[in-house]
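Reading through the C-alpha cells given below for one structure.
The model shown is predicted, which means the values in this text are computed figures rather than measured ones. In the text below, chain A, chain B and the rest are named by the order of the sequence lines, each starting its count at 1.
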2 protein chains.
Amino acid sequence: MQYKWVASRLQELEVACRENRLPVTAQRRMIFEELLARDDHPTADQIYEAVRTRMPQLSRTTIYRTLDTFVELGVIRRVAHAGGARYDANTARHHHLVCSACGKMADVLEPSLDQLTLRKGKRLGFRIDDYSVHFTGICADCQSHS
Amino acid sequence: MQYKWVASRLQELEVACRENRLPVTAQRRMIFEELLARDDHPTADQIYEAVRTRMPQLSRTTIYRTLDTFVELGVIRRVAHAGGARYDANTARHHHLVCSACGKMADVLEPSLDQLTLRKGKRLGFRIDDYSVHFTGICADCQSHS
DNA sequence: GTTCGTGCAAACAATTTGCATAAGT
DNA sequence: ACTTATGCAAATTGTTTGCACGAAC
C-alpha cells in the first residue's frame, strides 16, 4: 500500500520528466525516493546528508538543482519556513504545524480547512493557486525540554 | 490617525525596551519606524538599504541584531518565506498572499479566517499559539509581465 | 560608572555559477 | 550523436561572531 504509493509517485516523476524531455537519472530517482520516504520537510542539506550515504559521489549542487527541477515539474513543493527552504513530496492540499522553538514541521490533515475561500475584493489582483494554514506553536518535545 | 497609530506603536517599543532594561537607541527607533511605515514585509537587507539613506553609518550587523531583538520582544514578527526571512510590524492575526513568481507578499484582512480551529486530536501535542493562512499565486504585476 | 549597543572586519553558512566530463535519450 | 545532468571549484549572497569604542541608563 505504501509501496504502491511510492511506485506510483515514482512513475509520476518519470512521466513528468519524459514530457519535458528531461532524462530520468539515478540521482533524480534517488533524491525523489528520499523525499517520498520522509514527512519531516527536510532542508536541501538534510536531503544531501541522507542520500549521500547511498551515493557518496553526489554533490550538493546536484541536490539544489534537482530540487529546483522537481518544484518546476510540480512533483514536489518548496515550503516557506523561517529557517530557510524546506521540501515536501506531498503536493495535495494540506496544512502545517511549525514549532517556533526547534523549527520542526508536521503535516496536518484537516478536511475542514481545505475549502477556505478569499473574497474577490480581498485578492488584490492575485490569481490564487493554492493556500495552506501554518499553525505556529511549541511542539511536544520542546514543551517537555523546558 | 495613521499618525496616532505610529506614535502608539513607538510607545509600545519603548515600554517593551524599558521592561527588559534595553536602551532605546536611535537605531532601534529608526528601524522600527521604517518597519511601521511599510507593509511589504521587507527582508533585513531591504530595511538596511532604506534606513541607510537617513543614517549612513548604520551597519548590516545592527539590522540583524535589532530585528532579532524586536522579534524577542514581540513587537514585530518574523514571517516564513521561501526566499528567506521577512519582517512584519503587524502583530495582529492576519493572513498573507504570496506571489510564487516574484516573492511579493501582501496582507489579507479577512475576519472570516480569524477563528479557525484545529481539533485536539490533530495537534500532535503542539501547543498552538497562532496561525496564519498563506495564499500562494501570481500577483497582478507578474500576470501582466508574462 | 556600568551595562548594553554599535560598527567594523572577519568568519561562516547557504546557495549559485562556469566549465569540463559523464550519462540518458 | 545529441542533449542535458553532474561534479568540482569558485563566486556570491545572507547571516553571525569577536572585539574595541561609544551611547543610554
What residues form a ring-ring contact (aromatic ring centres under 6.0 Å, His included) with A:F135, not counting sequence neighbours?
-> B:Y131
Sorted by chain and residue number, the side-chain hydrogen bond (donor to acceptor under 3.5 Å, both in side chains) partners of B:E72 (sequence neighbours excluded) come out as none
What residue pairs, at least two apart or across chains, pass ring pair (Phe, Tyr, Trp, His ring centres under 6.0 Å) with a residue in residues 46-81 of chain A?
-> A:F32-A:F70
Any residue meeting side-chain hydrogen bond (donor to acceptor under 3.5 Å, both in side chains) with B:N20, in chain and number order, not counting sequence neighbours = none
If you link I, L, V, M, F, W and Y whenever their side-chain heavy atoms are under 4.5 Å apart, who else ends up in the same group as A:V79?
-> A:V98, A:M105
Quick one: does B:R77's side chain have a donor or acceptor within less than 3.5 Å of a partner on B:D88's backbone?
-> no
Quick one: side-chain hydrogen bond (donor to acceptor under 3.5 Å, both in side chains) partners of A:R21, sequence neighbours excluded?
-> none
5'-most contact on DNA chain D: B:R60 or B:L22, nearest heavy atom basis?
-> B:R60
Bounded by its outermost nucleotides with an atom under 4.0 Å from a heavy atom of chain B, the footprint on DNA chain D reads D:dG14 to D:dC25
Straight-line distance of A:I76 CD1 to A:L13 CG, nearest 0.5 Å = 10.0 Å
Contacts of type side-chain contact (heavy atoms from CB on, under 4.5 Å), residue B:A101, not counting sequence neighbours | B:C99, B:I138, B:C142
Which pairs count as ring pair (Phe, Tyr, Trp, His ring centres under 6.0 Å) when at least one residue sits in residues 101-124 of chain B, sequence neighbours excluded?
-> none
Does a salt bridge link B:R18 with B:E14, judged by any charged N lying under 4.0 Å from a carboxylate O?
-> yes
What closest approach, in Å, do B:R78 and A:A82 show between heavy atoms, and which atom pair accounts for it?
-> CD-CB, 4.1 Å
Heavy-atom nearest pair, A:Q143 first then B:G125, reads NE2-O, 2.8 Å
Of B:R21 and B:S59, whose closest DNA chain C nucleotide lies nearer the 5' terminus?
-> B:R21
Among residues 24-57 of chain A, which contact DNA chain C at a heavy-atom distance under 4.0 Å?
-> A:V24, A:T25
Nucleic acid contacts - residues 64-79 of chain B versus DNA chain C, non-hydrogen atoms under 4.0 Å | B:R65, B:T66
Bounds of contact between DNA chain C and chain B, in 5' to 3' order, using a heavy-atom cut-off under 4.0 Å | C:dC4 to C:dA9
